[in-house]
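See below for the structure under consideration.
Ligands are counted one by one from 1 in listed order, and the atoms in each one are counted from 1 as well. Just so it is clear, the values below take in all heavy atoms, side chains as well, and ignore hydrogens, waters and symmetry mates. In what follows, residues are counted from 1 in the order of the sequence shown. Source: prediction; values computed, not measured.
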Amino acid sequence: MQLTIARALQGARCQIDDIEARLLLQYVLNINTVFLTAYSDFVLNHEQADSFQLLVARRIAGEPIAYLIGEREFYDLTFKVTPAVLIPRPETELLVELALSRIPVNQACNILDLGTGSGAIALTIAKHRPLAHVTAVDLSPDALAVARLNAEKLKVDNVRMLAGSWFDGLDQEKFDLIVSNPPYVADGDPHLEQGDLRFEPRLALTAVGDGLACIRQIIANAPQFLVSGGELLLEHGYDQAAICQQLLAESNFINIFSHLDLAGILRVSGGQHYDRPLATS
Ligand code: GLN
């Protein structure tokens, strides 16, 4: 029996989500939604039918759709993703929005993104603020390779990629804004055994113990890499806003705040850091 687009979708629909089936089929046939809808009687060849069945089976086994098709939309851009990087999430768009609201359109400034992964945050900021100089740091060479590929694909040339652990690769540099979506899920959190998280790099998800190890390290070290009046913005877990605010206060940040994401969860916290005014006699 010939497998048409309509039949393929019908078969898959009993096993996986309809939207996901469509995404997989578009990927296999290298076509867009319009073609998929308009040519529902298009007949798949054997190779295409086999590839589609295989992808449906992998999806049923739990593999994230973004890894299967190799991309994910974030903000207004599409990013290549592999299992070496965290899949960009909608809640992280809040971090980007807050960052963009602070970066002037017509003026150069220095931005740092710690733990860039696919480069979703750094590249979206850079694309929207062409005058900004963005530095994107990641510990994982495989992640940086994905970020570089995304920079090339999105034609972004105002991002410098650096391998290293948090601030280690930076010299005496100062930034106007530091952003990060660090690993913040606690070791042993049951969510790690559910959904997409099972397939994502642990390095990008979990920080030892209570999940705050990386956040602590970033907050403690950020002041020496910020210009006076510069700001730090951090994404964190659903129950970590209060502790983040406390850590920011302990590191002498002021104007400390937390911001709700679209799900109503306090998801991004931040503050400004000023150099102590010189004592006058
Ligand atoms: N928000 C992610 C999740 O729990 C975790 C991302 C991160 O650790 N930075 O699904």
Side-chain angles (χ1 to χ4, degrees), residues 17 20 59 62-68 71-75 79 81-99 111-125 136-140 142-144 146-147 150 164-167 177-222 232-245 247-248 258-270:
D17 184 86
E20 295 188 345
R59 181 65 194 127
E63 276 187 69
I65 198 88
Y67 290 156
L68 294 176
E71 61 181 41
R72 173 53 50 95
E73 318 243 304
F74 177 79
Y75 212 77
F79 287 85
V81 293
T82 74
V85 300
L86 198 76
I87 300 165
R89 289 158 162 69
E91 58 265 31
T92 306
E93 293 178 349
L94 169 65
L95 182 60
V96 169
E97 247 163 54
L98 292 171
I111 317 290
L112 173 64
D113 174 27
L114 294 171
T116 200
S118 64
I121 298 168
L123 294 168
T124 307
I125 290 174
V137 173
D138 207 286
L139 184 61
S140 154
D142 292 342
L144 275 185
V146 176
N150 277 318
S165 174
W166 307 126
F167 299 96
L177 178 66
I178 299 176
V179 295
S180 182
N181 173 19
Y184 53 69
V185 181
D187 260 348
D189 185 313
H191 291 103
L192 294 166
E193 306 312 321
Q194 293 166 18
D196 288 1
L197 275 74
R198 293 169 293 168
F199 295 84
E200 293 182 296
R202 282 295 156 99
L203 180 70
L205 279 170
T206 61
V208 281
D210 56 4
L212 290 160
C214 300
I215 287 180
R216 280 181 208 280
Q217 214 176 326
I218 292 170
I219 293 177
N221 290 292
L232 170 66
L233 298 175
L234 283 174
E235 180 176 321
H236 52 71
Y238 70 97
D239 57 354
Q240 294 171 338
I243 180 75
C244 282
Q245 291 210 6
L247 292 167
L248 285 162
S258 297
H259 211 290
L260 293 171
D261 66 15
L262 289 175
I265 291 167
L266 288 172
R267 181 61 72 187
V268 173
S269 293

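A donor-acceptor contact under 3.5 angstrom links the side chains of Gln245 and Ser258, judged on distance only.
Put simply, the side chain of Thr124 gets close to the backbone of Ala120: a donor and an acceptor are under 3.5 Å apart.
Those atoms of ligand 1 that come under 4.0 Å of a heavy atom in Pro182, given as number and element, are 7 (C), 8 (O), 9 (N). Less than 4.0 angstrom separates some heavy atom of Leu205 from each of these atoms of ligand 1: 5 (C), 8 (O).
Closest to atom 9 (N) of ligand 1 by heavy atom, among Ile265, Asn181, Leu86, is Asn181.
Under the 4.0 Å criterion applied to side-chain N and carboxylate O atoms, Arg89 and Glu200 are assigned as salt-bridge partners.
Contacts of Leu197 with ligand 1, taken as heavy-atom pairs under 4.0 Å, involve the side chain alone. Residue contacts with ligand 1 for Glu91 involve side-chain atoms from C-beta outward but no N, CA, C or O (heavy atoms, distance under 4.0 Å).
By the 4.5 Å heavy-atom criterion applied to side chains, Leu114 and Phe167 are counted as neighbours. For the pair Leu192/Thr206, a side-chain contact is recorded, criterion being any heavy-atom separation below 4.5 Å from C-beta on. Contact of the Leu144 side chain with the Val137 side chain is not registered, since no non-hydrogen atoms from C-beta on lie closer than 4.5 Å.
Annotation: Phe199, atom CZ; neighbour count of heavy atoms from other residues, nucleotides and ligands within 6.0 Å is above 12.
Taking 4.0 Å as the cut-off, Arg89 counts as a neighbour of ligand 1 on heavy-atom distance. In this structure, Gly211 has no heavy atom closer than 4.0 Å to ligand 1.
Tyr184 OH, 2.7 Å is the protein heavy atom nearest to atom 1 (N) of ligand 1. When hydrogens are left out, the protein atom nearest atom 4 (O) of ligand 1 is Val185 CG2, 3.9 Å; that is the closest non-hydrogen contact.
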